[in-house]
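First listed ligand is number 1; within each ligand, the first listed atom is number 1.
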Amino acid sequence: MIQISHLSKVFNPGTADEHTAIHNLNLDVREGDFITIIGSNGAGKSTLFNLISGTLPPSRGTLQLGERDITRLAEHRRAKYIGRIFQNPTMGTAGNMTLEDNMMIASTKGFKGLKISLNEKRREYFRSQLKRLDMGLEHRLKENVELLSGGQRQSVTLLMMVLSQPRLILLDEHTAALDPRNAAKIQDLTRQFVSEFGLTCMMITHNMQHAIDHGNRLLMMDRGRIVLDVDGEEKKRLTVAGLVERFHAVTGTEFARDDALLGE
Ligand SMILES: Nc1ncnc2c1ncn2[C@@H]1O[C@H](COP(=O)(O)OP(=O)(O)OP(=O)(O)O)[C@@H](O)[C@H]1O
């Protein structure tokens, strides 16, 4: 579905600050894959997402989405196919606009959508979708999104993303800024949407247990490389202790993130 070949990213090339954040990385994401990604600090996880979404151009290598080479495709044009949710719950929605206008923009992919009719039929559709979140938001269509809590806002972002039907969804620690109850709620919704809509999804998490509990495939990154790629039955058998051990075995270093082990 998405094929990443010999992808490299070098920051500040030719200077004293030169740093290779992604090293000759190869990855074939299959249709319907739900991939969780863990890695030590600075492993290159967000840089990989920046390269996939087109936020950054690669130094070398190619990205192919289906039959199409998207290596040089501008970020805003990729956005139709590749959706991304960030840690910060305020980033996925426009706070000073109403919930229904936010949903209208997402469902029609652009501001011009507002000129199309936001009629009662559409409102009813938005209400029925918002009900899925089980947060009572179906009664708050006319409220500005900035009035919602972080957890509610991130749920709306997730719902809007799913409804806009991108081919690939990138979740960049999308629950890390939420309190544990809301984080668990969003993780549950993520799991539910992925299976219900058959989404293809990549999720960065610092929580090893989440990485084990979610998805069908797990990648571990270290210093710009994928050092572990596990799926199927082997993934189901993973444990946090086992992952830490394997990280040590393949990299020769300790996993440098305490929060990953503490499950915070
Ligand atoms: N714009 C940039 N300019 C220079 N160096 C960068 C830039 N973006 C990232 N880096 C460096 O590239 C490396 C990988 O960073 P990245 O943010 O992708 O890691 P990460 O795995 O997401 O880490 P974390 O878990 O700490 O968020 C780091 O050493 C980082 O300092």
Practice item. Using atom types as modelled and distance alone, determine if a side-chain donor or acceptor of Lys235 lies under 3.5 Å from a backbone N or O of Ile212. Key: yes
**Study point:** Ionic contact status for Glu75 with Arg78, cut-off 4.0 Å
**Key:** no
Review point. Lys185 side chain to Gly151 main-chain N or O, any donor-acceptor pair under 3.5 Å?
Key: no
Practice item. Enumerate the atoms of ligand 1 whose separation from the nearest heavy atom of Ala43 is less than 4.0 angstrom. Key: 19 (O), 20 (P), 21 (O)
Review point. Taking Asn216 for the side chain and Phe34 for the main chain, is one N or O donor matched with an acceptor at less than 3.5 Å?
Key: yes
Practice item. Check each atom of ligand 1 against the heavy atoms of Thr47 and keep those under 4.0 Å away; list them by number with element. Key: 9 (C), 14 (C), 15 (O), 16 (P), 18 (O)
Practice item. Within a distance under 4.0 Å of any heavy atom of Ala21, pick out the atoms of ligand 1 and give their elements. Key: 12 (O), 13 (C)
Practice item. Run the contact test for Gly44 against ligand 1 with a 4.0 Å cut-off on heavy atoms, strictly below, and give the result. Key: yes
Practice item. Return a yes/no value for Phe11: is any of its N or O atoms, backbone included, closer than 3.5 angstrom to an N or O of ligand 1? Key: no
Check your understanding: For ligand 1, is there an N or O atom under 3.5 Å from any N or O atom of Lys45?
Key -> yes
Check your understanding: Hey, does Asn12 come in under 3.5 Å of ligand 1, counting only N/O atoms on both sides?
Key -> no
Exercise for review: Would you confirm whether Asn144, through its side chain, and Glu146, through its main-chain N or O, come within 3.5 Å as a donor-acceptor pair?
Suggested key: no
Exercise for review: From atom 29 (O) of ligand 1, work out which of His19, His206, Glu18 has a heavy atom at the shortest distance.
Suggested key: His19
Point to revise | Heteroatom proximity flag, Gly39 to ligand 1, N/O under 3.5 Å | key: no
Check your understanding: Which distance, rounded to the nearest 0.5 Å, do you find between the CD of Glu100 and the CZ of Arg127?
Key -> 8.0 Å
Review point. Do the charged groups of Lys121 and Glu124 touch, with an N to O distance under 4.0 Å?
Key: no
